[in-house]
Amino acid sequence: MFILITVGILLVTALLVLVVRIFLPAARYTWLIAVSGSFLAWASVFAWINKTDRLQFLIWQPVSLFSQSPTFVTDSAAWMFALSMITLTFSVILTSVVRSNFPSALSWVGALALCSLGTLAAVANNPVTLALIWAAIDLVDLIVQLRFVEEPALGERVVVSFAARITGVMVLLWANVSSAAQGVALDFHALTSQASLFLPLAAALRIGVLPLHLPYPGRSALRRGFGTVLRMISAGSSLILLARISAGSITSPFAPHILMIIAFAALYGGWMWLRAPDELTGRPFWLIGVGSLAVAAALRSNPIGAAAWSCALILCGGVLFLSSEPNKWLTRSLWVAVFGISTLPFSLTASGWAGGTGFLLAWLPLLLAQAMLMSGFIRHILRPPTSREYYEDQPPWGKNIYPIGIILLLAVIVFLGWFGWDGSLHLGNVIAGLLASALTVGLIWLTPRIRILNPVRAHWVRPANLTWIDWLYQSVWSIYRQLGRLSNTFSNILEGDGGIMWTLLFLALFISFFTQRIP
């Protein structure tokens, strides 16, 4: 019942805004409808606390082929993810009053629809349900990105990224198949040890950790607002999978090797985030870095820590990406988000290093990656005001509403550190938190003194200047195109005027080849 209420409010609000936009384009109350609906959805999520709700559709037929049907269940992790995504959407709509494209009804419709899909992903109870929702989110992402891409080379990046996410969907379904082969109907409360290893791989593929994410162009029209919702909800709906892996269920001997790969992916994301010229340019690397920490926590048998890192990715990243006005007090308040990713006691990510064992050799790069992410976050907070946007020409009511959206995200970051879920009021691994904080202070002190730690110039990160990862992907893509051309050439030979002759020739060669091996 609670699931239907929350998702229903989001979808009805999106539909109302769309109808008003189409039939009453001059109406000035579309923003009020979007804000009212998102507020009601946000308030309804609090009814989920400490309650279990189950929603199951009718069993699909035939039962021999479909052993599972879409099922949704609320629990502590689902509530935490749903609250994070709905809070972000609510804040995006609130802060949109000072954007240059206000009012933007279609972007609000897209944000509310994506939020409803993200909420359903948070409460999905089996792989079939989650795979269907992932496919819907990926399709929306593909359409939006192709709509705004201007160069063919960048279109290839979008397609490759889409293919990686679809591969993640296939890995999740393969986990379902492997579990069914052992006679266990896979849901997220009864996982086999073999199936549990596939879940972190599926999440890593979808958020761009494996393979490393190819960033979209910095001058894309999708910047703040809807672009933030699209990126954060897509990542959050993927990382919810990590919170479903029970502690101690990953016993594969390959887990330490995968953990090391994830640790180096976290280092790459943290390094690029630290040197990004601004937060929006570095957003793909924020997803890689924090997402890698979440995947590493799951591989270390710490699902609570994985959930904490995942929601920090949404909330802490979201508040930074939405903060664009150089308001002194708002800028100072962003230090609350720094505390949220510090893994210090009673912070949102306090459980990030708690519990679990894992491969001890991976701890150093993971801690260094966290320090780089925190240092980059602080540097983006302290950026000169001249590089930010001013909203002096906005009406007073808009300038008064804008801070509410920022403060709301910060309040939820603090709230989740103290109430509502299994990781609340957590001391965590105090030594790891203090070590990461000390490394952060050291990086901040070294940044103005060591040139390589300084931010790169903006034109360095444009897609025109390729990195070694771009060269690797372009090489693979070139090999793929050459194989496609070879296949087309072979098909044209067989389908041309002499196709029958070539077919008979190949048939004669095959017959002679096999007859020589018959005794």
Does either side chain, that of W353 or that of Q370, offer a donor lying less than 3.5 Å from an acceptor on the other one?
yes
Between the side chains of T349 and W309, does any donor sit under 3.5 Å from an acceptor?
no
Quick check against the 3.5 Å criterion: does [X] have a side-chain atom that pairs as donor or acceptor with the backbone of [Y]?
X	Y	answer
S323	V319	yes
W134	S237	yes
R379	A276	yes
W48	T74	no
S347	L344	yes
N302	S351	yes
T281	P277	no
R165	L205	no
W42	I86	no

Can you see which heavy atom on [X] is nearest to which on [Y], and at what distance?
X	Y	value
L416	S84	CD1-OG, 4.0 Å
L117	A136	CD1-CB, 4.2 Å
C311	M80	SG-CG, 3.4 Å
C316	A337	SG-O, 3.6 Å
I245	A298	CD1-CB, 4.2 Å
T129	A124	CG2-CB, 3.8 Å

Min side-chain heavy-atom separation [X]-[Y] under 4.5 Å:
X	Y	result
F90	L408	yes
I341	V290	no
F339	I413	no
L242	P303	no
T87	S91	yes
L373	L293	yes
L267	F264	yes
F321	H380	no

Rounded to the nearest 0.5 Å, what's the gap from [atom1] on [X] to [atom2] on [Y]? Could you check?
X	Y	atom1	atom2	value
L439	L364	CG	CG	8.0 Å
L120	I133	CG	CD1	5.0 Å
L114	L88	CG	CG	11.0 Å
M232	L322	CE	CG	9.5 Å
I93	I401	CD1	CD1	12.5 Å
L409	I407	CG	CD1	10.5 Å

Evaluation steps, side chain to side chain contact (heavy atoms under 4.5 Å, CB included), between L315 and V412
CA-CA 8 Å; L315 295 171; V412 173; 3.9 Å; yes
Test log, rule side chain to side chain contact (heavy atoms under 4.5 Å, CB included), inputs L274 and F285
CA-CA 9 Å; L274 176 65; F285 307 111; over 6 Å; no
Carefully, step by step, assess D75 and R244 under the rule salt bridge (Lys or Arg N to Asp or Glu O under 4.0 Å).
CA-CA 11 Å; D75 55 15; R244 303 302 186 187; 2.5 Å; yes
Got more than 12 heavy atoms from elsewhere within 6.0 Å of CG, L425?
yes
Check the angle between the aromatic planes of F377 and W273 and answer parallel, tilted or perpendicular using the 30° and 60° thresholds.
tilted
Give the C-alpha distance, both sets of side-chain angles, the deciding distance and a yes or no for side chain to side chain contact (heavy atoms under 4.5 Å, CB included) between W79 and I49.
CA-CA 7 Å; W79 173 80; I49 301 179; 3.5 Å; yes
Audit row: I207, I288, side chain to side chain contact (heavy atoms under 4.5 Å, CB included) steps and yes/no
CA-CA 7 Å; I207 62 175; I288 293 174; over 6 Å; no
Any cation-pi pair here, R283 with W286, using under 6.0 Å and within 45°?
no
Applying side-chain hydrogen bond (donor to acceptor under 3.5 Å, both in side chains), which residue pairs with at least one partner in residues 424-441 are found, sequence neighbours left out?
W421-S424
